[in-house]
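The figures here come from the full heavy-atom set of this structure, side chains too, leaving out hydrogens, waters and symmetry mates.
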Amino acid sequence: MNRPGTLIRMGVLALLWGSSFLWIKIALTGLSPVQIALARTALGAAVLVVLLLAGGQRLPRDRASWGRLAFAAVFGTLIPFTLFALGEQSVDSGVAGVLNATTPLWALAIGLVLGHERKRNTARFAGLVLGFAGTLLIFAPWGRSGLAGWGALACLAAAASYAVSYTYIGRTVSGRGLSPLQMSSTQLVAATGLTAAVVPVAGLQPVHPSWQALVAVGVLGVFGTGVAFVINYRLIEDEGPTNATTVGYLLPVVSVLLGAVFLGEELNLRVVAGMVVVLVGVALTRKQPATAIVPVDREPVTTLK
């Protein structure tokens with residue numbers, strides 16, 4: 001992985017996904033969590049559908065594919081997109097990015113509980129324990145400055161929701177004749193409809209459409225959701241899924257730095273230490289990729305932020 005083009009794409013992708021938490025924080029100044037989730041999903045879906053049609057592909061027409069991908073959309077888009085925005089109402093964007101890095105740990109834990117995880121070894125178990133120890137360090141429930149509040153729990157639940165979606169897609173959707181672009185486009189289209197259905201219940205808060213909030217949600221949807229997946233898909237084609245996943249280690253670093261530089265968020269040493277421990281744990285769990293985990297966790301059918 002030493003080609004300049006690949007390194008540039010990885011850097012751009014890390015910036016797009018890692019900055020998602022910054023854009024969410026800014027968008028919250030004018031929109032509610034559900035409104036942000038809807039705008040982000042709709043814009044990302046529009047980008048992907050245009051690219052799908054331009055490439056001579058089309059959305060699937062069978063009900064089975066739509067049903068499976070709609071289920072994946074609930075846990076891979078609707079819930080995490082909403083929960084991350086909800087969590088960032090009280091949690092720094094950098095912390096949200098760090099908690100997002102626990103997704104592979106949740107995926108491995110789900111595989112072990114359901115019995116889908118067959119490639120078990122000491123390193124992977126150690127990584128799982130170490131990763132969640134790092135999460136506990138971030139939360140620090142023993143201290144007054146800990147993060148054991150509803151906002152941090154919402155972000156952690158969002159990461160776990162992504163893991164549910166990845167596991168489900170890996171076992172019921174992948175390998176059924178749909179291309180990654182078809183799966184991602186369909187999931188985001190379904191997620192747009194599902195999120196729109198939630199708006200009358202939880203998304204009718206007053207809107208304060210400042211230009212900062214509108215620009216933030218626009219960038220989040222078009223670039224952080226739609227364009228990011230296109231770059232990720234190219235990385236998978238060029239370098240394979242295993243090498244492409246290395247970009248995931250940069251995301252929490254990017255989110256923490258951007259939050260500190262642009263939002264004045266404090267670089268809490270405990271959170272930074274917890275982030276390092278979590279990433280080391282994730283690295284250990286990936287020494288032998290599990291079949292229950294879809295390797296790339298930052299695309300609409302795998303990992304968006």
Side-chain angles (χ1 to χ4, degrees), residues 1 10 13-14 17-18 72 75-76 79-80 84 95-141 147 152-153 155-175 180 232 235-236 239-256 270-299 301-305:
M1 195 193 305
M10 288 189 67
L13 185 58
W17 273 334
F75 290 94
I79 291 177
F84 270 121
V95 172
V98 172
L99 294 176
N100 177 71
T102 65
T103 294
L105 303 175
W106 289 110
L108 176 58
I110 291 170
L112 291 172
V113 171
L114 297 180
H116 299 158
E117 176 56 61
R118 296 185 176 87
K119 296 182 180 180
R120 307 180 183 186
N121 58 46
T122 303
R124 303 195 77 204
F125 279 114
L128 188 64
V129 173
L130 188 63
F132 282 120
T135 304
L136 185 62
L137 179 60
I138 293 170
F139 273 75
L147 295 174
L153 290 174
C155 293
L156 197 63
S161 183
Y162 276 135
V164 172
S165 176
Y166 305 155
T167 303
Y168 175 79
I169 290 172
R171 296 192 61 84
T172 64
V173 180
S174 297
N232 185 60
L235 276 176
I236 295 172
E239 302 295 337
T242 301
N243 286 334
T245 60
T246 57
V247 72
Y249 297 98
L250 300 175
L251 303 187
V253 179
V254 172
S255 70
V256 168
R270 190 194 72 252
V271 173
V272 173
M275 174 184 69
V276 173
V277 174
V278 167
L279 292 180
V280 171
V282 170
L284 288 175
T285 64
R286 290 184 173 183
K287 289 182 72 68
Q288 293 185 8
T291 56
I293 304 175
V294 176
V296 179
D297 82 341
R298 291 293 182 280
E299 58 185 78
V301 298
T302 53
T303 355
L304 285 173
K305 301 320 160 214

Do you know which two heavy atoms are closest between [X] and [Y], and how far apart they sit?
| X | Y | value |
| --- | --- | --- |
| L99 | A152 | CD1-O, 3.6 Å |
| A101 | P252 | CB-CG, 4.2 Å |
| L13 | L251 | O-CD2, 4.4 Å |
| V277 | L130 | CG1-O, 3.3 Å |
| T285 | R124 | O-NE, 2.6 Å |
| R270 | I138 | NH2-O, 3.0 Å |

So does F75 get a backbone contact from the side chain of S161, meaning a donor-acceptor N/O pair under 3.5 Å?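 Side chain of S161 to backbone of F75: a pair is present.
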Side chain of T135, backbone of G131: donor and acceptor closer than 3.5 Å?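 Yes: the side chain of T135 pairs with the backbone of G131.
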Once rounded to the nearest 0.5 Å, what's the spacing between atom [atom1] of [X] and atom [atom2] of [Y]?
| X | Y | atom1 | atom2 | value |
| --- | --- | --- | --- | --- |
| F132 | W106 | CZ | CH2 | 4.5 Å |
| L128 | L108 | CG | CG | 5.0 Å |
| L284 | L279 | CG | CG | 11.0 Å |

